[in-house]
Structure formats: structure tokens, C-alpha cells
Amino acid sequence: MSLSAAIALSVAFAAVSAAVGVHLLRYRASVTEMLGMMIGMTFGMMSGIAIGFFIGAATDMFISNLVGVTVGLAFGAGFGSQGGLMGAMDGGMGGFMGGMMGGMLGVMINSSPTAVWVTAVFTTVICLAVYAGLIRLVRKSSH
């Protein structure tokens, strides 16, 4: 994967993640500590895995881990903070782990263009499905 494609995919995924997170802010009043931990962990893991993978497929382990972990920490701790300190902490830990896993996957799968793009589609679909499940969980918990 080219670096420009990896950056474009990362920006698009970050925009979707931010949109989902902002949407979930409307339910902030009913977010418990446990739900905040789930929100943080989900955002941290999914954004770290996807963006770490994209960057890893175009660069090396150092850069992909740096970017994946940073993005995962920011999204996880930021949106997890709706559940207080525990949500922010769990989100940060999820982002750290997700960023490293995504970066490693991107570097390791970079054996052929087909493998990279199939994995990119597969990873993106799974992450978006998890976001859809999170939206459903938060909405259901707010009633």
C-alpha cells in the first residue's frame, strides 16, 4: 500500500470514528462507569487496529506503532472519559494494545498487494461492525 493511500484511509477512518464518538456524546448523561469503559476500549482498539494496520502496510514497525498507539490512545481515552477515569484508563489501554496489534499486522501482512487490500477491507468492515454494535449498546443502555 502506498503511503498516500494509507494516510487517506487513516484520515477517513479517523473521521468515521470521530463521527461515531460525537454521536454517542448525546447519551453522555446515561453513561455509567462500566459503559464508559466499553466505549473507551472499543474506540481505542478499533481506531488503533485500523489506523495502525493502514500505516503499517505502508511503512515500518516503528512508525506504524507510533501512529497506531497515539491514535488509539487519543480516541480511547477521549471518548472513554464519558465513564470517568476508569473509562479513560481502559480506553487508553485499549488504544495502546490496538495500535500495536494493528501496526504489527500491517507490517507482517505486507507480503502482496492482494493480501494488504483484502486485509484492509476485512479489518475495516469488522471495525465498523463493532462501532455499529457499540451504538446499539449505548442507545439500549440509555432507555
Side-chain angles (χ1 to χ4, degrees), residues 1-28 30-83 86-143:
M1 175 181 300
S2 71
L3 184 57
S4 58
I7 291 170
L9 288 170
S10 296
V11 168
F13 196 88
V16 169
S17 296
V20 170
V22 168
H23 171 73
L24 292 180
L25 288 175
R26 71 178 60 181
Y27 303 101
R28 181 182 332 175
S30 61
V31 172
T32 63
E33 184 175 74
M34 185 61 137
L35 186 56
M37 290 166 58
M38 281 300 303
I39 290 169
M41 188 67 84
T42 302
F43 273 100
M45 291 289 284
M46 297 304 104
S47 62
I49 287 171
I51 293 171
F53 169 78
F54 299 143
I55 299 299
T59 63
D60 59 24
M61 191 73 76
F62 173 74
I63 294 170
S64 63
N65 278 329
L66 184 65
V67 172
V69 166
T70 301
V71 170
L73 277 167
F75 276 97
F79 288 115
S81 66
Q82 294 177 64
M86 286 300 291
M89 288 176 62
D90 268 14
M93 288 186 290
F96 189 84
M97 293 177 353
M100 288 190 328
M101 288 188 298
M104 286 187 281
L105 177 62
V107 171
M108 290 186 308
I109 204 76
N110 204 358
S111 58
S112 75
T114 302
V116 168
W117 286 105
V118 167
T119 307
V121 169
F122 187 70
T123 301
T124 302
V125 167
I126 290 171
C127 290
L128 294 177
V130 170
Y131 280 162
L134 180 65
I135 290 169
R136 186 165 182 237
L137 173 71
V138 171
R139 283 182 177 169
K140 188 176 180 181
S141 296
S142 71
H143 296 294

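Everything numeric here is computed off the predicted structure, so don't read it as measured data.
- The CG atom of Asn65 sits 8.0 Å away from atom CZ of Phe96, with the distance rounded to the nearest 0.5 Å.
- Taking the six-membered ring where tryptophan is involved, the planes of Phe13 and Phe54 are perpendicular, since the angle between them exceeds 60° and thus also 30°.
- No hydrogens or angles considered: a donor-acceptor pair under 3.5 Å links the side chains of Tyr131 and Ser17.
- In this structure, Val130 and Met45 have side chains that are not in contact, with every pair of non-hydrogen atoms separated by 4.5 Å or more.
- The side-chain heavy atoms of Ser64 and Val107, taken from C-beta on, include a pair separated by under 4.5 Å.
- Pairing each heavy atom of Ser141 with each of Leu35, the nearest pair is CB-CD2, 3.8 Å.
- One distance of note links OG1 of Thr32 with CE of Met38; it measures 10.5 Å at 0.5 Å rounding.
- Looking at Val31 and Leu24, their side chains never come closer than 4.5 Å, going by heavy atoms from C-beta outward.
- Using a 4.5 Å heavy-atom cutoff, the side chains of Phe53 and Thr124 are not in contact.
- The minimum heavy-atom distance between Gly78 and Ser81, with the atom names listed, is O-OG, 2.6 Å.
- For the pairing with Val20, the side-chain contact (heavy atoms from CB on, under 4.5 Å) check across Ile135, Val138, Leu128 returns one residue only, Ile135.
- To the nearest 0.5 Å, the span separating CG on Leu134 from CE on Met41 amounts to 12.5 Å.
- Under a cut-off of 6.0 angstrom, the local environment of CE in Met61 is crowded, with over 12 non-hydrogen atoms contributed by other residues, nucleotides or ligands.
- Partners of Ser4 by side chain to side chain donor-acceptor pair (under 3.5 Å), not counting sequence neighbours, listed by chain and number: Ser2.
- A distance of 11.0 Å separates CG of Asp60 from CG of Asn110, quoted to the nearest 0.5 Å.
- Taking every heavy atom of both residues into account, Ala57 and Val116 meet most closely at CB-CG1, 3.8 Å.
- Not a single donor-acceptor pair under 3.5 Å links the side chain of Thr123 to the backbone N or O of Ala120.
- Counting non-hydrogen atoms of other residues, nucleotides and ligands closer than 6.0 Å to CE of Met100 gives a total above 12.
- The distance from the SG atom of Cys127 to the CZ atom of Phe43 is 11.5 Å, given to the nearest 0.5 Å.
- Here the straight-line distance linking atom CD1 of Ile55 with atom CD1 of Ile7 works out to 5.5 Å at 0.5 Å rounding.
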